Amino acid sequence: MEPFGESMVKTIWIGDVQKGKYNDQEIELKGWIKRERGSNKLRFIVLRDSTGSIQCVGKLDLLGEDMFQQLKGILIETSVIMTGVVSTSEKAPGGHELLISSMEIVGAVNSERPFPITEADMLVEDEDGELTYGGTEHTLNHRHLYLRTARATTMLKLRSSAFGAIHSYFRGHDFLEYQAPNFVAGAVEGGSTLFEVPYFGKQAYLTQSWQLYAEAAMPALERLYTIAPSFRAEKSRTRRHLTEFWHAEMEMAWATNNDIMAHGEGVVRSIARALLDEREDELTYLERDLNLIARYADNPYPRMRYDEAIEILQGKGVAVEWGQDLDYSKEKVLTQDFDVPHFLTHYPKVAKPFYHRVDPEDENYVLCHDLLAPEGYGEIIGGGERTWSEEEILQRIDEEGTPREPYQFYIDVRSYGGVPHGGFGLGVDRVVSWLAGATHIREVIPFPRTSRRVTP
RNA sequence: GCCGAUUUAGCUUAGCUGGUGGAGCGUGGGACUGUUAAUCCCAAGGUCGUGGGUUCGAGCCCCACAAUCGGCGCCA
């Protein structure tokens with residue numbers, strides 16, 4: 001007798017069964033019904049768990065009338081425990097099947113409210129008449145159930161590997177994980193894109209970035225990183241925007257713009273490498289070209305100055321003037337010819353906020369960079385060298401007409417032994433969306449938050 | 001914030017110049033011993049997003065509102 005009750009830990013996974021680990025053995029499978037079909041004497045059940053799915057065969061003469069009838073009426077997403085012998089079969093999807101000797105229903109499904117998501121729900125015709133995976137209102141409303149469909153599960157696995165790769169990369173390069181508050185008092189930049197939160201009679205905001213608090217700890221930890229949510233109250237209606245997104249940020253003392261870029265390239269390449277190493281099946285399921293992902297993992301990311309980008313755009317007849325920030329329509333034209341991500345550096349000072357360090361070699365530019373992903377996915381990293389001396393930061397703040405008072409703590413960091421430093425922010429959801437070839441960023445986050453949706 | 005579009009059964013959708021709304025999936029019942037999103041037969045299931053207007057008559061025409069989707073600006 002176990003004093004604290006029995007255990008029901010699962011040890012047998014469908015993915016391993018499909019790899020041939022249990023051939024000719026009698027095993028117990030725990031999972032959910034994915035599909036059901038067959039005749040009066042023979043039923044085919046597709047059972048799924050988090051690792052895959054397998055065809056289970058129920059025969060009347062083996063199961064007896066009662067259990068066979070139970071099997072026959074079983075509804076999609078019923079949770080069950082199946083016992084049977086594994087065999088190889090060319091007719092079975094995946095090459096293996098389970099001949100059921102007994103079945104126990106764990107959690108039934110109400111036939112008056114059957115599982116509301118069918119295959120057809122997930123396919124949407126786009127303007128070219130092609131079937132794609134859009135988020136229909138229905139699947140978004142039933143997001144809590146949509147998550148268990150094959151495509152959603154696949155995306156979440158890729159996401160998990162990406163998060164793991166980011167942690168591994170930074171920890172492997174002597175970065176310390178460091179947390180900043182999510183409630184903040186003031187704006188990082190602008191102010192119109194902050195979510196306001198009532199805070200015991202005061203006004204607080206949800207953070208847009210970890211950066212300012214990271215800079216405060218930079219003289220203490222020197223190399224630090226985080227993966228945390230950031231919030232932007234932008235009413236952006238695009239396939240690249242969320243109001244709550246996962247932001248991988250790093251800050252590094254004793255570093256130039258170039259040094260920061262090297263890590264930006266390093267972390268993105270290591271994410272691509274991790275997906276290839278850990279998630280080949282998932283990438284294949286998504287019909288992703290593995291050679292393409294390998295190219296992202298194995299090649300250096302070229303760097304291009306803003307001026308050069310403007311010349312290229314003007315050469316293509318795009319109406320753009322020096323000094324303009326490059327919006328998405330221009331990014332898209334620029335990245336059409338890229339087969340790996342490219343860095344864009346040295347933006348005009350007028351296009352960027354005060355914390356970007358002015359280039360000492362030409363004060364019209366700042367030492368910053370954006371990393372643009374190919375295939376039309378756009379900006380995935382924004383970063384650069386910070387304005388690090390007290391004198392320069394005060395000059396930049398005054399130049400922009402920004403009040404000094406809200407940034408006093410930011411200025412203080414520079415008053416006591418400022419050092420050259422910098423960092424970047426990486427949109428994790430954007431990177432996963434790009435590498436997965438997702439049709440929309442919300443495909444890669446379990447419960448997407450956009451300007452029009454906070455539920456479920 | 002700006003521009004465009006959509007809304008018909010639980011879901012996906014058809015609907016002719018305005019004349020009593022069809023199908024597939026799913027659900028329920030039935031047939032079938034190797035199916036592959038199985039197939040075949042039957043049934044139930046709709047105040048056509050909401051409100052107003054035009055008309056003898058509105059799913060269809062007009063107005064307003066709402067929800068949702070796509071694109072742009074902004075950014076990760």
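Given the structure is predicted, the values throughout are model-derived calculations rather than measurements. Throughout, a chain's letter reflects where its sequence line sits, starting with A, and its residues are numbered from 1. The figures here come from the full heavy-atom set of this structure, side chains too, leaving out hydrogens, waters and symmetry mates.
For the pair A/Arg305 and A/Tyr365, the distance from NZ or CZ to the six-membered ring centre is under 6.0 Å and the angle to the ring normal is within 45 degrees.
Within residues 37-56 of chain A, the residues that have a heavy atom under 4.0 Å from RNA chain B are, in order of number, A/Arg37, A/Gly38, A/Ser39, A/Asn40, A/Lys41, A/Leu42, A/Arg43, A/Phe44, A/Gln55. For RNA chain B, no neighbouring residue in residues 262-272 of chain A is found when judged by any heavy atom under 4.0 Å. For the segment residues 423-436 of chain A, residues with any heavy atom less than 4.0 angstrom from an atom of RNA chain B are, sorted by number, A/Gly425, A/Gly427, A/Arg430.
Within the 4.0 angstrom heavy-atom criterion, no nucleotide atom of any strand lies near A/Ile76. Note on A/Ser230: nothing from the nucleic acid sits closer than 4.0 angstrom, heavy atoms only. Looking at heavy-atom distances under 4.0 Å, A/Arg113 makes no contact with the nucleic acid at all.
Spacing between atom CD1 of A/Ile100 and atom C1' of B/U33 amounts to 14 Å, rounded to whole angstrom units. In this structure, A/Lys332 places its NZ atom 14 Å from P of B/G70, rounding to the nearest Å. When rounded to the nearest whole Å, the span between NE2 of A/His138 and P of B/U8 equals 12 Å. If you measure from atom CE of A/Met250 to atom C1' of B/A76, you get 15 Å, rounded to the nearest angstrom. If you take CD1 of A/Ile441 and P of B/C69, they are 15 Å apart, rounded to a whole angstrom. Atom CZ in A/Phe195 sits roughly 14 Å away from atom C1' in B/C74 (whole-Å rounding). Whole-Å rounding puts the A/Ile166 CD1 to B/A76 C1' distance at 12 Å. With rounding to whole Å, A/Lys72 atom NZ is found 14 Å from B/U27 atom P.
Checking A/Asp370 against A/Ala92, the closest nucleotide of RNA chain B that is more toward the 5' end is the one next to A/Ala92.
Evaluation of the ring-ring contact (aromatic ring centres under 6.0 Å, His included) rule for A/Tyr328 yields no partner, not counting sequence neighbours. Applying the side chain to side chain contact (heavy atoms under 4.5 Å, CB included) test to A/Ser87 and every residue at least two apart in sequence or in another chain returns A/Glu97. A/Glu265 meets the salt bridge (charged side-chain N to carboxylate O under 4.0 Å, His left out) test with A/Arg269, A/Arg303; sequence neighbours excluded. Residues that satisfy the ring-ring contact (aromatic ring centres under 6.0 Å, His included) test with A/His247, not counting sequence neighbours, are A/Phe245. A/Gln179 pairs by the side chain to side chain contact (heavy atoms under 4.5 Å, CB included) definition with A/Glu177, not counting sequence neighbours.
For the residue pair A/Glu385 and A/His356, no side-chain donor N or O sits within less than 3.5 Å of a side-chain acceptor on the partner. With no hydrogens or angles considered, no side-chain donor-acceptor pair links A/Asp49 and A/Trp32 at under 3.5 Å.
Judged by distance alone, with hydrogens and angles left aside, A/Glu97 brings a side-chain donor or acceptor within reach of the base of B/G34, the pair sitting under 3.5 Å.
Nearest to the side chain of A/Lys91, among B/C32, B/C69, B/G34, sits B/G34. Distance from the side chain of A/Leu75 is smallest for B/G28 among the nucleotides B/C75, B/G28, B/A37. Taking the side chain of A/Thr238 as heavy atoms from C-beta on, and the options B/C75, B/C74, B/G34, the nearest nucleotide is B/C74.
Nucleotides B/A37 and B/C25 place their P atoms 14 Å apart, quoted to the nearest Å. Atom name C1', nucleotides B/C61 and B/C48: the rounded distance is 16 Å, in whole Å. With both ends at atom C1', the span from B/A23 to B/A5 equals 25 Å, rounded to whole Å. B/U20 and B/G4: their P atoms are spaced 35 Å apart (whole Å). B/A64 and B/C60 have their P atoms separated by 16 Å, with the value rounded to a whole Å.
Every pair passing salt bridge (charged side-chain N to carboxylate O under 4.0 Å, His left out) that includes a residue from residues 65-82 of chain A is listed here, sequence neighbours excluded: A/Arg48-A/Glu77, A/Glu77-A/Arg148. Note on residues 16-25 of chain A: pairs passing side chain to side chain donor-acceptor pair (under 3.5 Å), not counting sequence neighbours, are A/Gln18-A/His96, A/Asn23-A/His96.
Within the 4.0 Å cut-off from OP1 or OP2 of B/G71, at least one side-chain nitrogen or oxygen of A/Arg239 is found. Distances shown here put every side-chain N or O of A/Arg232 at or beyond 4.0 Å from the OP1 or OP2 atom of B/C75.
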Taking N or O atoms only and anything under 3.5 Å, show me the protein contacts with nucleotides 1-3 of chain B, one pair per line.
unit_1 : atom_1 : unit_2   : atom_2 : d
B/G1   : OP1    : A/Lys235 : NZ     : 3.3
B/G1   : OP2    : A/Lys235 : NZ     : 3.4
B/G1   : O6     : A/Lys235 : O      : 2.9

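With hydrogens and angles ignored, the 3.5 Å screen pairs a side-chain donor or acceptor of A/Arg43 with a backbone N or O of A/Ser39.
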Please table the atom pairs, donor to acceptor, closer than 3.5 Å between any side-chain atom in residues 156-166 of chain A and protein atoms at least two apart or in another chain.
unit_1   : atom_1 : unit_2   : atom_2 : d
A/Lys157 : NZ     : A/Ser50  : O      : 2.7
A/Arg159 : NH1    : A/Asp429 : OD1    : 2.8
A/Arg159 : NH1    : A/Val444 : O      : 2.9
A/Arg159 : NH2    : A/Asp429 : OD1    : 3.2
A/Ser161 : OG     : A/Glu278 : OE1    : 2.7
A/Ser161 : OG     : A/Arg279 : NE     : 2.9

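For the pair A/Lys316 and A/Gln314, the minimum side-chain heavy-atom distance is 4.5 Å or more.
Ring centers of A/His369 and A/Tyr347: at least 6.0 Å apart, outside the cut-off.
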